[in-house]
Amino acid sequence: MRIQRVSSKWAKTKVILQNRQLSVFIPETRKYSLNDLKELLNLYHTVYIKPDRGTYGSGVMRAEQRVVHLSPSEQQPEFFNPSDPVAGDSESEAPAEPIEPKLMYILRYAKDAEVFNTPEELHAALLPRIKERTYLVQQGIDLLRHQDRPFDLRVLTQKNLQGSWETTGMLGRVAAPQKVITNYHSGGSVFPVEALFKEHMTPDERNVTLQELKSLGVRIGAQLETAYPGLKEIGLDVAIDQHHDLWLLEVNTLPSIIVFKIFPNKAIYRKIYRYAVAYGRLKRTRTVVPRRRKRTSSL
């Protein structure tokens, strides 16, 4: 059977949401519209806006709703100036102007950022980037960090030789400086999961989290298979928040496997490769063993 691929993030999300036990791992996700953008920003203050179809993090943007405090006279953020008169100086002290809180909206993409006064202005700036394509708006997760750069995880789950789902590989992806995504095709760095967990978890918690990730891969594979029976491999993009809760950001049905070749433990890639050959993604490469030359008897 041909390996099935599903490009629509929204279609995969809807299938997972049908399972109540798995739906808790999905950040709130909606098809993009101005109303949904406003609602999710009010709820979560940070959202990701991404194309329904696409790879390598292309087209992903982050929008933020932030409160700033402005002086009514200047309508600029209020900063402390060392030359201002100090409190208690009766000769120069003037009545302080009230500081007004104001909502501002920030759009981040690649390494750039734009600031807007209203969600309508933000929406207007997004429309030329979205064009006529389907986009999603998703609850932003406050990711754990490595050296002050956010990271998430890629969990690879494959059909094994018995036809069952098995999680065969995991890696961490650390965002490049000032980037809004962690994808290694966009400059992110790849790390062993255990190395990233050491900064945040006890050994026991690390072991529990690793088992939860392996189980999540198997459960998501089984759920997606109910709608897409030709699936053979999936790559889960998983976030871990500051409370160490797991969040499934999206699922890729054509996951990269060559990246697992970089790790010192070569047994991981050998298993991944063996399974990929068995279900037809890769062709087995034959190792040519040179034949021994026959000895000729001397007379």
Side-chain angles (χ1 to χ4, degrees), residues 13 16 19-29 43-48 57 60 62 64 138-158 160 165-223 233-252 255-257 259-269 271-272:
T13 298
I16 297 169
N19 185 317
R20 293 181 64 182
Q21 292 181 324
L22 294 176
S23 64
V24 297
F25 294 101
I26 305 292
E28 187 164 2
T29 307
L43 284 170
Y44 305 112
H45 309 302
T46 299
V47 299
Y48 282 84
V60 176
R62 186 172 77 212
E64 304 167 12
Q138 185 177 75
Q139 168 190 351
I141 304 300
D142 186 12
L143 300 177
L144 290 184
R145 291 176 171 265
H146 171 71
Q147 297 178 351
D148 204 34
R149 291 153 57 191
F151 71 83
D152 64 12
L153 312 174
R154 166 54 63 91
V155 178
L156 178 66
T157 303
Q158 300 171 279
N160 62 22
W165 288 104
E166 180 182 337
T167 296
T168 51
M170 284 185 269
L171 55 83
R173 304 179 304 184
V174 179
Q178 301 178 349
K179 285 287 190 79
V180 302
I181 58 174
T182 61
N183 199 288
Y184 37 85
H185 295 284
S186 300
S189 304
V190 176
F191 283 79
V193 171
E194 294 83 354
L196 297 175
F197 284 4
K198 280 182 181 179
E199 303 174 32
H200 302 280
M201 302 178 189
T202 65
D204 286 345
E205 190 179 3
R206 291 201 299 267
N207 291 333
V208 169
T209 303
L210 289 171
Q211 291 306 313
E212 288 177 346
L213 288 164
K214 290 179 181 179
S215 174
L216 183 62
V218 171
R219 294 165 67 194
I220 293 295
Q223 178 62 23
E233 56 186 8
I234 55 173
L236 284 66
D237 292 344
V238 180
I240 303 182
D241 67 18
Q242 301 299 320
H243 304 289
H244 300 178
D245 292 327
L246 304 182
W247 296 91
L248 179 61
L249 304 179
E250 62 182 71
V251 180
N252 191 317
S256 172
I257 59 178
V259 66
F260 289 94
K261 211 171 184 178
I262 68 173
F263 292 118
N265 184 356
K266 301 305 179 185
I268 295 173
Y269 182 74
K271 177 184 277 190
I272 292 169

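The model shown is predicted, which means the values in this text are computed figures rather than measured ones.
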Rounding to 0.5 Å, atoms CD (E250) and CD1 (I234) come to a distance of 12.5 Å
By side-chain contact (heavy atoms from CB on, under 4.5 Å) - contacts of K214 (at least two apart)
T167, M170, Q211
Show your reasoning for whether side-chain contact (heavy atoms from CB on, under 4.5 Å) applies to D237 and N252.
CA-CA 8 Å; D237 292 344; N252 191 317; 5.7 Å; no
Write down the atom of L153, the atom of R173, and the distance for their closest heavy-atom approach.
O-NH2, 4.3 Å
Kindly say whether P27 contributes a backbone atom to a donor-acceptor pair with the side chain of T29 at under 3.5 angstrom?
yes
With the side chain counted from C-beta on, respond yes when V193 and T209 share a heavy-atom pair under 4.5 Å apart, and no when they do not.
no
Side chains of H45 and E64: any donor to acceptor distance under 3.5 Å?
no
Under the criterion side chain to side chain contact (heavy atoms under 4.5 Å, CB included), which of N19, L249, L248 is the partner of I26?
L248
For Y44 and I141, what are the C-alpha separation, side-chain angles and deciding distance, and is it a side-chain contact (heavy atoms from CB on, under 4.5 Å)?
CA-CA 9 Å; Y44 305 112; I141 304 300; over 6 Å; no
Could you grab the distance from atom CD1 of I16 to atom CG of L22, nearest 0.5 Å is fine?
7.5 Å
Using side-chain heavy atoms (C-beta onward) and a distance below 4.5 Å, is E28 in contact with Q138?
no
Is any side-chain N of the basic residue among K271 and E166 closer than 4.0 Å to the acidic one's carboxylate O?
yes
Heavy atoms of R20 and S23 approach each other most closely as O-OG, 2.9 Å
Going from CG on N160 to OG1 on T168, what distance comes out if it is rounded to the nearest 0.5 angstrom?
9.5 Å
Do the side chains of K198 and P203 get nearer than 4.5 Å, heavy atoms only?
no
Under the side-chain contact (heavy atoms from CB on, under 4.5 Å) test, residues paired with H200 that sit two or more places apart
L144, F151, H244
Non-hydrogen atoms of R149 and S189 that approach each other most closely:
NH2-OG, 3.5 Å
By side-chain hydrogen bond (donor to acceptor under 3.5 Å, both in side chains) - contacts of T46 (at least two apart)
R66
Identify the two heavy atoms, one from E194 and one from R206, that lie closest to each other, and give their separation to 0.1 Å.
O-CD, 4.3 Å
For the pair Q242 (side chain) and L143 (backbone), establish whether a donor and an acceptor sit closer than 3.5 Å, ignoring hydrogens and angles.
yes
Treating S215 as the side-chain partner and E212 as the backbone partner, does any N or O pair qualify as donor plus acceptor under 3.5 Å?
no
Is a side-chain N or O of K266 found less than 3.5 angstrom from the main chain of K261, in a donor-acceptor match?
yes
Could you pull out the closest heavy-atom pair between Y269 and F260, with the gap in Å?
CB-O, 4.0 Å
Is any side-chain heavy atom of F25 closer than 4.5 Å to one of I220?
no
Is there a side-chain contact (heavy atoms from CB on, under 4.5 Å) between L156 and Q158 once you walk through the steps?
CA-CA 7 Å; L156 178 66; Q158 300 171 279; 4.1 Å; yes
Check against side-chain contact (heavy atoms from CB on, under 4.5 Å), F191 and L171:
CA-CA 6 Å; F191 283 79; L171 55 83; over 6 Å; no
Measuring only between side-chain heavy atoms, which start at C-beta, is D245 closer than 4.5 Å to I240?
no
As an exercise, state the distance from CD of E205 to CZ of F197, rounded to the nearest 0.5 Å.
9.0 Å
Which atom of S256 lies closest to which atom of R154, heavy atoms considered:
N-NH1, 4.0 Å
